[in-house]
Visitor: 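Structure below; questions to follow.
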Amino acid sequence: MFLPLLLLAGLWSASASISCYNDDGQPVDWFIIYKLPRVKRGPPETGMMYKYQDSSTGGWVDGKSLMNSTAVAVGRTLLQLYKSSQNQSEDLAYVLYNDQPPPEELSGTIGGHTKGVVLLDRTQGFWLVHSTPRFPPAAKDHYSWPENGLRNGQSFLCVTYSYAQFKNIGTQLLYNNILVFDYSVPDAFAEDLPDLASAAKHCHVKAPPWNRQIQLNSLGGKTFISFAKYNLFYDDLYSGWLAGALKHDLLVQFWPNSRGVLCSNCSQTYHVFNVQSITFPCGTSFTSHIDHSKWSVSLDNSEEAWICIGDMNRDMEEEKRGGGTVCTNDPSIWKSYRSLVTQYEPCK
């Protein structure tokens, strides 16, 4: 069941270009949201509270409302999709994917362990990478927050990109082997962005290499690196690739409640440690067992300060599934994440 939304009217007009939006309704180059776990025995509203940051905040700030509201960043951003007169327009393309789609969109297909939203016009658009099952609703519906999304922590990274960047984003989604539950890629978009159109139709890469990293530049010029692997990569995203590619020891936050969870790994040049507990500066503290967010942060910033946000866990099953993460080298974001880690698992 999706929780009812708090509607903000008149946010977006047809003349506006697609963008990520902040809590104040202003377009932003990127934002990051950390949805907090529900307080034990607390009311449902505590499971819709979140922390927010973008280039202007200098770290985490409190979210201004609740996750089911279109008056906050995620809701404001996705409301651009739920304009009934717009979401089937020839001037708009979108791809909604989730390995755990909304209940009414359930599919027996097993794809990559990936969750996200791509929405663009012929000028620009956004790629929202997140970790929330059953989210968001299909474009024919209205924005809402799923009831199953209350209990656990979740992560969101939204980046605004120019139109040309979606050529590479489409290729990354082919490697991710995304499970698409709703899409519209009109012919004009498909001609320019063939891999995005193919990924929307459940196509995937057919030949090695089975992983690909690519630099993406946001509309405002910020550099991100997308790491995407296909099922046949047959290794852990973090210890089998990411740590070596970034040349840093990594702390990794993921959902540790599945079968076959991988232990911290110190067998390679660069080590990977599983995060066990998180504490925000305000004193909010919780363990990884109620945190479904997926992120990794370099252990120290002696040379580079890496933070990556994605949609993959560390377990044996996901060594054989597609998925990925998006990284950036940013001291301010690094500090905001590194300071959260109060305990991690040492190598055995």
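Index from 1, following the sequence. Side chains are part of it too, since the values below use all heavy atoms of this structure and drop only hydrogens, waters and symmetry mates. What you are looking at is a predicted structure, and each value in this text was computed from that prediction instead of being measured.
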Visitor: What closest approach, in Å, do Ala245 and Gln213 show between heavy atoms, and which atom pair accounts for it?
Guide: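 That would be CB-OE1, 3.8 Å.
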Visitor: Would you please test Cys347 and Cys266 for disulfide bond (SG atoms under 2.5 Å apart) and show each step?
Guide: CA-CA 6 Å; Cys347 289; Cys266 296; 1.9 Å; yes
Visitor: List the atom of Asn148, the atom of Pro133, and the distance in Å for their closest heavy-atom pair.
Guide: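 Scanning both residues, the minimum pair turns out to be ND2-O, 3.3 Å.
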Visitor: Checking the side chain of Ser218 only, and the main-chain atoms of Gly221 only, is there a donor and an acceptor separated by less than 3.5 Å?
Guide: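 The answer is yes, because a donor-acceptor pair under 3.5 Å joins these two groups.
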Visitor: Hey, what do you get for NE2 (His113) to OG (Ser131), rounding to the nearest 0.5 Å?
Guide: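 Interatomic distance, His113 NE2 to Ser131 OG, rounded to 0.5 Å: 9.5 Å.
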Visitor: Could you tell me whether the side chains of Asp315 and Ser258 share a donor-acceptor contact shorter than 3.5 Å?
Guide: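 Yes, a side-chain donor-acceptor pair sits under 3.5 Å.
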Visitor: I want to check something: taking the side chain as every heavy atom from C-beta on, are Lys222 and Asn217 in contact at a cut-off of under 4.5 Å?
Guide: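 Not touching, per the 4.5 Å side-chain cut-off.
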Visitor: So, taking the atom named NZ in Lys64 and the one named CG in Asp62, what distance separates them when rounded to the nearest 0.5 Å?
Guide: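 So the gap between those two atoms works out to 10.5 Å.
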Visitor: If you measure only the distance, is there a donor-acceptor pair under 3.5 Å linking the side chains of Asn274 and Arg314?
Guide: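 There is such a pair between these side chains.
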Visitor: Please answer whether the main-chain N or O of Tyr21 pairs with a side-chain N or O of Thr77 as donor and acceptor at a distance below 3.5 Å.
Guide: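 Present.
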Visitor: Below 4.5 Å, heavy atoms only, C-beta onward: do Ser264 and His271 meet side chain to side chain?
Guide: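 Side chain of Ser264 against side chain of His271, heavy atoms only: no contact under 4.5 Å found.
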Visitor: A side-chain contact here means heavy atoms from C-beta on lying under 4.5 Å apart; do Phe227 and Ile214 qualify?
Guide: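 SC-SC contact between Phe227 and Ile214 ruled out.
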Visitor: For the backbone of Pro331 and the side chain of Asn301, can you confirm whether one donor and one acceptor N or O come within less than 3.5 Å of each other?
Guide: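 Checked: no pair found.
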Visitor: Step by step, would you call Phe280 with Tyr34 a side chain to side chain contact (heavy atoms under 4.5 Å, CB included)?
Guide: CA-CA 11 Å; Phe280 276 86; Tyr34 207 131; 3.8 Å; yes
Visitor: Quick one: does any side-chain atom of Thr46 pair with a main-chain N or O of Val39 as donor and acceptor, under 3.5 Å?
Guide: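 Judged by distance alone, yes, a pair lies under 3.5 Å.
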Visitor: Would you say the side chain of His292 lies within less than 4.5 Å of the side chain of Thr132, judging by non-hydrogen atoms?
Guide: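 No. Closest side-chain heavy atoms not under 4.5 Å.
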Visitor: Between Gln276 and Ser288, does any side-chain donor sit less than 3.5 Å from a side-chain acceptor?
Guide: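 Per modelled atom types, Gln276 and Ser288 side chains form no pair under 3.5 Å.
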Visitor: For Ser239 and Asp236, test the side chains for any donor-to-acceptor distance below 3.5 angstrom and give the result as yes or no.
Guide: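 Indeed, the side chains of Ser239 and Asp236 share at least one donor-acceptor pair under 3.5 Å.
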Visitor: Does a donor on one side chain and an acceptor on the other come within less than 3.5 Å for Thr342 and Ser277?
Guide: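 Short answer, yes.
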Visitor: Would you indicate whether the side-chain heavy atoms of Lys115 and Val129 approach each other to under 4.5 Å?
Guide: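 No, every pair of side-chain atoms sits at 4.5 Å or beyond.
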Visitor: Check whether any side-chain heavy atom of Asp91 sits under 4.5 Å from a side-chain heavy atom of Asp121, and report yes or no.
Guide: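 Contact flag for Asp91/Asp121 side chains = no.
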Visitor: Is the cationic atom of Arg122 (NZ for Lys, CZ for Arg) positioned less than 6.0 Å from the six-membered ring centroid of Phe189 and within 45 degrees of its normal?
Guide: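 Positive - Arg122 is close enough to the ring of Phe189 and near enough to its axis.
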Visitor: Quick one: does any side-chain atom of Gln172 pair with a main-chain N or O of Ser226 as donor and acceptor, under 3.5 Å?
Guide: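 A pair under 3.5 Å: yes.
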Visitor: Considering non-hydrogen atoms only, spot the tightest contact between Ala138 and Leu96 and give its length.
Guide: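 Shortest heavy-atom separation between Ala138 and Leu96 comes out as CA-CD1, 4.0 Å.
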Visitor: Hydrogens and angles aside, do Ser285 and Thr279 bring a side-chain donor and acceptor to less than 3.5 Å of each other?
Guide: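 A donor-acceptor contact under 3.5 Å links the two side chains.
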Visitor: Check whether any side-chain heavy atom of Trp295 sits under 4.5 Å from a side-chain heavy atom of Cys308, and report yes or no.
Guide: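 Of all side-chain heavy-atom pairs linking Cys308 with Trp295, none is under 4.5 Å.
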Visitor: Could you tell me whether the side chain of Val272 reaches within less than 4.5 Å of the side chain of Asp249, counting heavy atoms only?
Guide: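 No; the side chains remain at least 4.5 Å from each other.
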Visitor: Do the two ring centres, one from His130 and one from Phe135, sit under 6.0 Å apart?
Guide: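 That pair passes the under 6.0 Å test.
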Visitor: I'd like to know if the side chain of Asp24 and the backbone of Gln26 have a donor-acceptor N/O pair within less than 3.5 Å.
Guide: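 Here the side-chain-to-backbone pair does not exist.
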Visitor: For this output row, return yes or no: ring centroids of His142 and Tyr82 closer than 6.0 angstrom.
Guide: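 Centroid separation for His142 and Tyr82: 6.0 Å or greater.
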Visitor: Between Asn313 (side chain only) and Trp255 (backbone N and O only), is there a donor and an acceptor less than 3.5 Å apart?
Guide: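 Yes; judged by distance alone, with no hydrogens or angles, the pair exists.
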Visitor: Does Gln80 use its side chain to pair, donor to acceptor, with the backbone of Ser19 at less than 3.5 Å?
Guide: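 Yes; at least one donor-acceptor contact below 3.5 Å.
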Visitor: For the side chain to side chain contact (heavy atoms under 4.5 Å, CB included) test, which of Leu299, Asn265, Val341, Val252 pairs with Phe273?
Guide: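 By the side chain to side chain contact (heavy atoms under 4.5 Å, CB included) criterion, Phe273 pairs with just one of Leu299, Asn265, Val341, Val252: Leu299.
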Visitor: Could you point out which residue of Tyr175, Tyr234, Phe233 forms a ring pair (Phe, Tyr, Trp, His ring centres under 6.0 Å) with Trp241?
Guide: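 When ring pair (Phe, Tyr, Trp, His ring centres under 6.0 Å) is applied between Trp241 and each of Tyr175, Tyr234, Phe233, only Phe233 qualifies.
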Visitor: So which atom in Pro281 and which in Leu340 form the shortest heavy-atom distance, rounded to 0.1 Å?
Guide: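 Closest approach of Pro281 to Leu340, heavy atoms only: CD-CD2, 4.4 Å.
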Visitor: Could you tell me the separation between the CD atom of Glu319 and the CE atom of Met312, rounded to the nearest 0.5 Å?
Guide: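 Between Glu319 CD and Met312 CE, I get 9.5 Å after rounding to 0.5 Å.
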Visitor: Would you call Asp195-Lys167 a salt bridge at under 4.0 Å N-O?
Guide: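 No, Asp195 and Lys167 are not salt-bridged.
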Visitor: Strictly by modelled atom types, are Thr160 and Asp29 linked by a side-chain donor-acceptor pair under 3.5 Å?
Guide: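 No pair is found: no donor N or O on one side chain lies under 3.5 Å from an acceptor on the other.
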Visitor: For Pro101 and Leu179, which heavy atoms make the closest approach, and how far apart are they?
Guide: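 In this case the closest contact between Pro101 and Leu179 is CD-CD2, 4.3 Å.
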Visitor: Under a 3.5 Å cutoff, is there a donor and acceptor pairing between the side chains of Tyr163 and Asp192?
Guide: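 Yes, Asp192 and Tyr163 have a side-chain donor paired with an acceptor closer than 3.5 Å.
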Visitor: So if you build clusters from Ile, Leu, Val, Met, Phe, Trp, Tyr with side-chain heavy-atom gaps below 4.5 Å, do Val326 and Trp334 land together?
Guide: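 As far as the 4.5 Å side-chain criterion goes, Trp334 and Val326 are connected within one cluster.
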Visitor: For Ile33 and Met67: C-alpha separation, side-chain torsions, deciding distance, then whether side chain to side chain contact (heavy atoms under 4.5 Å, CB included) applies.
Guide: CA-CA 10 Å; Ile33 279 181; Met67 290 297 298; 4.2 Å; yes
Visitor: For the side chain of Asp23 and the backbone of Ala73, is there at least one donor-acceptor N/O pair under 3.5 Å apart?
Guide: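 A pair under 3.5 Å: yes.
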Visitor: Working to the nearest 0.5 angstrom, can you tell me the gap between Leu92 CG and Glu90 CD?
Guide: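 One finds 10.0 Å between CG of Leu92 and CD of Glu90.
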Visitor: Is it true that Asn168 and Arg212 share a donor-acceptor pair across their side chains at a distance under 3.5 Å?
Guide: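 Yes, Asn168 and Arg212 have a side-chain donor paired with an acceptor closer than 3.5 Å.
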Visitor: Distance from Ser296 atom OG to Leu246 atom CG, nearest 0.5 Å?
Guide: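 Answer rounded to 0.5 Å: 7.5 Å.
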Visitor: Any chain of hydrophobic side-chain contacts (each under 4.5 Å) joining Val117 to Tyr50?
Guide: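 Yes, because Val117 and Tyr50 connect within a single hydrophobic cluster, where side-chain heavy atoms sit under 4.5 Å apart.
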Visitor: Is there a side chain to side chain contact (heavy atoms under 4.5 Å, CB included) between Leu242 and Tyr270? Walk through the geometry before answering.
Guide: CA-CA 9 Å; Leu242 187 63; Tyr270 298 100; over 6 Å; no
Visitor: Between Tyr230 and Trp210, does the ring centroid distance fall short of 6.0 Å?
Guide: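 Yes - the distance between ring centres of Tyr230 and Trp210 falls below the 6.0 Å cut-off.
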Visitor: Verify, without hydrogens or angle tests, whether Asn68 (side chain) and Trp145 (backbone) share a donor-acceptor contact under 3.5 angstrom.
Guide: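 Not at all, since once roles are kept as given, no pair shorter than 3.5 Å links the two residues.
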Visitor: If you look at every heavy atom in Ser144 and Pro137, which pair is closest and at what distance?
Guide: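 Where Ser144 meets Pro137 most closely, the heavy atoms are OG-CG, 3.5 Å.
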Visitor: Is there a chain of hydrophobic side chains (I, L, V, M, F, W, Y, each step under 4.5 Å between heavy atoms) that links Ile178 to Leu193?
Guide: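 Same cluster: Ile178 reaches Leu193 through Ile, Leu, Val, Met, Phe, Trp or Tyr contacts under 4.5 Å.
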Visitor: Can you confirm whether the side chains of Trp30 and Ser55 place a donor and an acceptor under 3.5 Å from each other?
Guide: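 Distance-only check fails for Trp30 and Ser55.
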Visitor: Where do Tyr161 and Leu120 land on the side chain to side chain contact (heavy atoms under 4.5 Å, CB included) test, with the steps shown first?
Guide: CA-CA 9 Å; Tyr161 294 105; Leu120 65 150; over 6 Å; no
Visitor: Say you draw a straight line from CD1 of Ile278 to OG of Ser293; how long is it, rounded to the nearest 0.5 Å?
Guide: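 That separation rounds to 6.5 Å.
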Visitor: Counting the benzene-type ring for Trp, do Trp127 and Phe224 have ring centres under 6.0 Å apart?
Guide: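 That pair fails the under 6.0 Å test.
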Visitor: Using a distance-only test with no angle check, is there a side-chain donor-acceptor pair under 3.5 angstrom linking Asp330 and Thr328?
Guide: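 No.
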